[in-house]
Amino acid sequence: MKIATWNVNSLAVRLPHLLDWLATAAPDVVCLQETKLEDARFPLREIRDAGYPHVLASGQKTYNGVALLARTPITDAVAGIPAFSDDQKRLVGATVGGVRVVGCYVPNGQAVGSEAFAYKLRWLEALRIWLARELARNPRLVVVGDFNVAPEPRDVHDPVLWEGHILFSPAEREAFSRLLGIGLQDAFRLFDQPDQTFSWWDYRMNAFRRNRGLRIDHILVSQALAPGVRACGIERSLRALERPSDHAPVVAEIDAHAQ
DNA sequence: ATGGCTTGAGTGTCAAGA
């Protein structure tokens with residue numbers, strides 16, 4: 001199973017890029033973030049025609065919005081973290097081919113110490129508690145998305161500059177680490193990777209051309225799935241297109257039946 | 001420290017992203 005996550009920063013704007021990429025990369029399951037579309041405006045027909053008839057969308061106007069696209073049927077769909085009251089559309093989950101897939105768009109947090117930052121930490125804690133129960137119910141769990149956290153110094157182009165700032169503060173890294181603590185592994189780090197590999201680059205200051213980025217989009221796999229992960233990488237080329245998203249997709253190839 | 005881009009809203013210019 002090839003699973004991918006991509007923060008498209010407006011599905012309305014990025015639909016041509018998405019359709020081109022689905023045709024070439026051909027993932028089995030795709031989680032999208034920042035669709036910025038109400039469900040009534042979701043481009044279901046185009047996505048279906050691209051080979052993804054099974055769609056779970058949870059969107060809203062202007063901000064946030066997530067979706068899960070699959071080639072094969074999905075069951076046990078959820079939208080939002082159960083038992084966590086939240087007006088913002090940030091999570092979808094479903095079972096596909098015996099694998100529990102969760103796609104999330106973790107709050108950005110704006111600035112360390114702000115109300116938005118407190119919401120981000122609350123959100124991550126609620127996610128952790130719920131995922132621990134999901135994992136108990138289905139050991140074959142993969143959690144993907146835009147986590148808005150760079151886990152380690154090597155995930156930041158200039159860790160000294162970013163230390164303590166939003167996306168790379170101790171509290172956020174600790175929250176991410178606690179998430180892994182329930183029994184998840186960062187699929188990207190199961191392999192040797194080139195130095196300075198990132199998933200997000202600011203639109204400003206020629207950040208992409210200078211490779212001044214962060215790795216904040218992740219694919220996390222449970223212990224049951226980890227031995228079956230065959231590859232994981234970031235599709236940097238999409239960030240180089242005309243009118244790109246500021247994020248590049250992350251893709252993992254998982255043999256869900258490996259022992 | 002600020003602004004530097006991009007998007008959606010809506011037609012002014014601002015909020016939010018990260």
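Letters A, B, ... mirror the listed sequences (proteins, then strands); counts begin at 1. What you see is a predicted model; the values in this text were computed from it and never measured.
As judged by a 4.0 angstrom heavy-atom cut-off over every strand, D146(A) is placed among residues touching the sugar-phosphate backbone only. No contact: F198(A) has no heavy atom under 4.0 Å from any strand. Residue I166(A) is out of contact with every strand shown, counting any heavy-atom pair closer than 4.0 Å. Across all strands, N64(A) comes closer than 4.0 Å to no nucleic acid atom at all (heavy-atom distances). Across all strands shown, N148(A) has heavy atoms under 4.0 Å from sugar-phosphate atoms exclusively, and none from any base.
Between dG8(B) and S10(A), a contact under 4.0 Å exists linking OP1 or OP2 to a side-chain N or O. Contact between the side-chain N/O atoms of R243(A) and the OP1/OP2 oxygens of dT7(B) is found at a separation under 4.0 Å. For dT7(B), one of the phosphate oxygens OP1 or OP2 lies less than 4.0 angstrom from a side-chain nitrogen or oxygen of R14(A).
In terms of heavy atoms, L19(A) sits closest to E46(A) at CD2-O, 3.8 Å. The shortest non-hydrogen separation linking S114(A) to G109(A) is OG-O, 3.1 Å.
Residues R173(A) and E163(A) are paired through a salt bridge, judged by an N-O separation under 4.0 Å between the basic side chain and the carboxylate.
At whole-Å resolution of the value, CG in N9(A) and C1' in dT6(B) are 6 Å apart. As a whole-Å value, the separation of L241(A) CG from dT6(B) P is 14 Å. Rounded to whole Å, the distance from CD on E34(A) to P on dT7(B) is 11 Å. At whole-Å resolution of the value, CH2 in W200(A) and P in dT6(B) are 13 Å apart. Atom CH2 of W201(A) and atom P of dT6(B) are 16 Å apart (whole Å). In this structure, CZ of R212(A) is placed 17 Å from P of dG4(B), rounded to the nearest angstrom. Remark: P of dG17(B) and CZ of F168(A) are 21 Å apart, rounded to the nearest angstrom. Summarising the geometry, the separation between CG on D246(A) and C1' on dT7(B) is reported as 10 Å, rounded to the nearest angstrom.
There is no side-chain donor-acceptor pair under 3.5 Å between S199(A) and R215(A).
Only the C1' atoms considered, dT11(B) is 16 Å distant from dT7(B), to the nearest whole Å. Using P as the reference atom, dT13(B) and dA1(B) are 29 Å apart when rounded to the nearest Å. Comparing dG12(B) with dG8(B), their C1' atoms are spaced 14 Å from each other, to the whole Å. As rounded to the nearest Å, dA16(B) and dG10(B) have P atoms that lie 14 Å from one another.
Residue A12(A) has its side chain nearest to dG8(B) when only dG8(B), dG17(B), dA9(B) are considered. For Q110(A), the listed nucleotide lying nearest its side chain is dG17(B); candidates were dT7(B), dG17(B), dA9(B).
In terms of modelled atom types and a separation under 3.5 Å, the side chain of D155(A) and the main chain of E152(A) share a donor-acceptor contact.
Considering only residues two or more places apart in sequence or on other chains, E235(A) meets the side-chain hydrogen bond (donor to acceptor under 3.5 Å, both in side chains) condition with W21(A).
Projected onto DNA chain B by closest heavy-atom contact, Y203(A) and W162(A) fall at different nucleotides, the more 5' of which corresponds to Y203(A). Comparing K61(A) and L214(A) against DNA chain B, the residue whose closest nucleotide sits nearer the 5' end is K61(A).
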